[in-house]
Amino acid sequence: MHRWSKLFVPTLREAPADAEVASHKFLLRSGYVRQLGAGIYSYLFMGQRSINKIIAIVREEMNTIGQEFLLPGIMPSEIWEQSGRWTSMGQNMFRLQDRKGAWLCLGMTHEEVMTDIARKELRSYKQLPQIWYQIQTKYRDEPRPKAGLLRVRQFIMKDSYSFDLDAASLDESYNKHDQAYRNIFTRSGLQFVAVEADSGAMGGSQSQEFMVYTDAGEDLIASCASCGYAANMEKATSRLSAVTEMEPTGDGLPELVHTPGKAAIADVAEFFQISPASDIKTVAYMAARLSDTGKGKETVWEPVVVFLRGDHFVNETKLMGLVKAGELRPMNGEELEKYFHGPAGYLGPVGLTPVKSVNEPGLKVIADLGLENRKNMAGGANKLDYHFRNVTPGRDFSWTLLADIRNVAEGEGCPECGSPLKVAKAVEVGHIFKLGDRYTESMGARVLDPNGKEVTPIMGCYGIGIERILTASIEQNNDANGFWLPRAIAPFDVVVTVTNISDASLLAAGTEIAEKLEAAGFDVLLDDRDERAGVKFKDADLVGIPFRVNVGKKIAEGKVELVTRASALSVDLEIAELLPALVVASETK
RNA sequence: CGGGGCGUAGCGCAGCCUGGUAGCGCAUCUGCUUUGGGAGCAGAGGGCCGGGGGUUCGAAUCCCUCCGCCCCGACCA
């Protein structure tokens, strides 16, 4: 049992001005955390207690499938050079030199170290599979830390790594994590969804994110209420309803039309009296690709042009994956002139000569699936103040690749069942990922298979953001007065508020009740501060504790109040009824 | 990195435009009263006005520069 009068719980009546999202405000106001720098926070008593509870859940579930390690937080550059990530990680990695001038980095993830252990120690298929995990601080020099603990430069991550002999075995390791993660997030009291995720340009076959819906989130999730389909916007697809095609004019071939000043999609659509869905949107990029020039790898910028329906938007994550680009930027005027011979606003597909494969150097044209089987569309003529009509994809222009390259939009048909999709913001709390041999191959991890043949084990990696579980929970459970956490991750299960400690009998009764609850297995905070009742009620509402017991004047009738923070419901109970009532209440939470 | 904003007491802010040596609310400390939803009265303490440079008789205020923090976009637990 802890006595509030002896603790350091610096609550704030007002939120600091630079706190924007609910969890950030409340973490500060409740005295859970204090900020040291951009994306760098100290966890105080209450925050640390909550984090410890989250870690305990994670550890317990992970121990059912894997073995806990603790790897170094600082490491030499060599292993990162071997995996090729010393350069590809770029600015996100904190780098430093030791006194001898040797380069080191702070750990932002631990594939390299785990693989280093694996390659030095694993010799036989008989040692596989392995699942190794750790709960450890990660350092990432985020370009933009924000939203309190949601996006920071130092955070605690549970990261695990599996080593398997073959794909079937990796499936098992992956599925074990899937189940463990579901257990963890369920026990943490989060409303979450598992979604299909983008695997990134780094390769890897399958990837799933665990998301919690909240407006503070940075991701967009498309989901279907009727069949359960859910995917990150980076990956989501949809069914489109048919578009009524325009009637062809003249001989039905592309016809040049004078469209002075009609540069925007909406203007063009209005001019032709068509829906934007019948206009072809042109988006021109330069894409940075790592290219093997024969003498080492080099970044080259190549033109990539996307054509899609006028009412659709390019999904740059999908695009980067398709053309294997590390970076995209819009073409500048000079480049537009070079590849289109026309100005922005009047760009179009007719007359371009795309290369045949995305691996070929030269102009790559990606057409969105929404253009498949369409006809008689409008599109820029690559000439100032002119558009074509009667443009039929496939007949009047060709492409390097026909692919899903657009963002799905709210209301479009679910790819599985056709029901309207919903799009909502969410925060990522976990990610599971099949890596394949990306690291084991480059770093030289090999084992002998049953036939005595040397093979490369394949890996999976799996992460959980510890603080994000806390943050997401606060985002899901707050009101004007503060927040409430599920008992499993709250710093205390119950706060016993003695309304007036100058009444010695009240304090004695409160202390006795607190001790009894503690003995029954609850984590109890006794609010024995010399404050007015109102102050203590306000603080209790603020700091995330799910239950409160008020010990006040009703003690004269042998009664106390049990207040459930989430519902704000209060019941008067005989002291003897309190414990059983609390047991019931905390189980239904 | 691009765009926007902000740095004045622990927290929230005013003062800056139009230079004259810093103020309000909350918090803190003392005393009395009060004691179930952030109490009342009386008194007190607390500031290199983010750092450096410049203009000026004089700078929180004007100019230059650096630093920090927040928000919006490209990245991820």
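In what follows, chains are A, B, ... by sequence order, proteins preceding strands, each numbered from 1.
A cation-pi arrangement, defined by a distance under 6.0 Å to the six-membered ring centre and an angle within 45 degrees of its axis, is absent between A:Lys364 and A:Tyr285. No cation-pi contact links A:Arg468 to A:Phe155, judged by a cut-off of 6.0 Å to the six-membered ring centre and 45° from its axis.
Whole-Å rounding puts the A:Phe8 CZ to B:rG10 C1' distance at 11 Å. The CZ-P distance, from A:Arg529 to B:rA39, rounds to 12 Å in whole Å. Rounded to an integer number of Å, the gap from A:Leu12 CG to B:rG12 P is 8 Å. When rounded to the nearest whole Å, the span between CG of A:Asp541 and P of B:rG38 equals 12 Å. For A:Leu28 and B:rG10, the CG to P distance is 17 Å, given to the nearest whole Å. As a whole-Å value, the separation of A:Asp141 CG from B:rC1 P is 11 Å.
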Just by protein heavy atoms under 4.0 Å, how would nucleotides 71-77 of chain B read 5' to 3' in B, S and -?
BBBBBBB

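Of the nucleotides present, none pairs with B:rG36 by Watson-Crick or G-U wobble criteria with both distances under 3.5 Å. Across the strands present, B:rG2 finds its partner in B:rC72; the criterion is a Watson-Crick or G-U wobble pair with both atom distances under 3.5 angstrom. The partner of B:rU21 cannot be assigned: no Watson-Crick or G-U wobble pair with both contacts below 3.5 Å exists in any strand. In this structure, B:rC29 forms a base pair with B:rG43, meeting either the Watson-Crick or the G-U wobble geometry with both donor-acceptor distances under 3.5 Å.
Taking every heavy atom of both residues into account, A:Phe163 and A:Ala118 meet most closely at CE2-CB, 3.5 Å. In terms of heavy atoms, A:Arg140 sits closest to A:Met108 at NH2-O, 2.6 Å.
Note on ring orientation: taking the six-membered ring where Trp is involved, the planes of A:Phe26 and A:Phe483 are tilted (angle from 30° to 60°). The aromatic rings of A:Phe185 and A:Phe210 lie tilted to each other, with the angle between the two planes from 30° to 60°.
Among the protein residues, A:Gln136 comes within range of no part of the nucleic acid, since none of its heavy atoms lies under 4.0 Å from any strand. Heavy atoms of A:Arg34 sit nowhere under 4.0 angstrom from any nucleic acid atom. Counting non-hydrogen atoms under 4.0 angstrom, A:Asn550 reaches a base of the nucleic acid.
Within the structure, salt bridge (Lys or Arg N to Asp or Glu O under 4.0 Å) contacts touching residues 5-32 of chain A (residues at least two apart or in different chains) do not occur.
With sequence neighbours left out, A:Gln136 forms a side chain to side chain contact (heavy atoms under 4.5 Å, CB included) with A:Leu70, A:His110, A:Gln134, A:Lys138.
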Polar atom pairs (N or O), protein with nucleotides 32-35 of chain B, under 3.5 Å:
{"residue": "B:rU34", "atom": "O2", "partner": "A:Arg532", "partner atom": "NH1", "Å": "2.6"}
{"residue": "B:rU35", "atom": "O2'", "partner": "A:Asn500", "partner atom": "ND2", "Å": "2.9"}

Could you go over nucleotides 24-27 of chain B and give all protein N or O partners under 3.5 Å, atom names and distances?
{"residue": "B:rG25", "atom": "N2", "partner": "A:Glu14", "partner atom": "OE1", "Å": "3.3"}

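Ionic pairing of A:Glu60 and A:Arg187 is present here: one or more N-O contacts between side-chain nitrogen and carboxylate oxygen are shorter than 4.0 angstrom. Using a 4.0 Å cut-off between charged side-chain N and carboxylate O, A:Asp539 and A:Arg548 make no salt bridge.
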What side-chain donor-acceptor pairs closer than 3.5 Å can you find for residues 505-512 of chain A, not counting sequence neighbours?
{"residue": "A:Ser505", "atom": "OG", "partner": "A:Asp503", "partner atom": "OD1", "Å": "2.7"}
{"residue": "A:Thr511", "atom": "OG1", "partner": "A:Leu507", "partner atom": "O", "Å": "2.7"}

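For A:Ala17, the side-chain atoms get nearest to B:rG12 when compared with the rest of B:rG12, B:rG38, B:rG36.
Taking the six-membered ring where the residue is Trp, the centroids of A:Tyr161 and A:Phe69 are separated by 6.0 Å or more.
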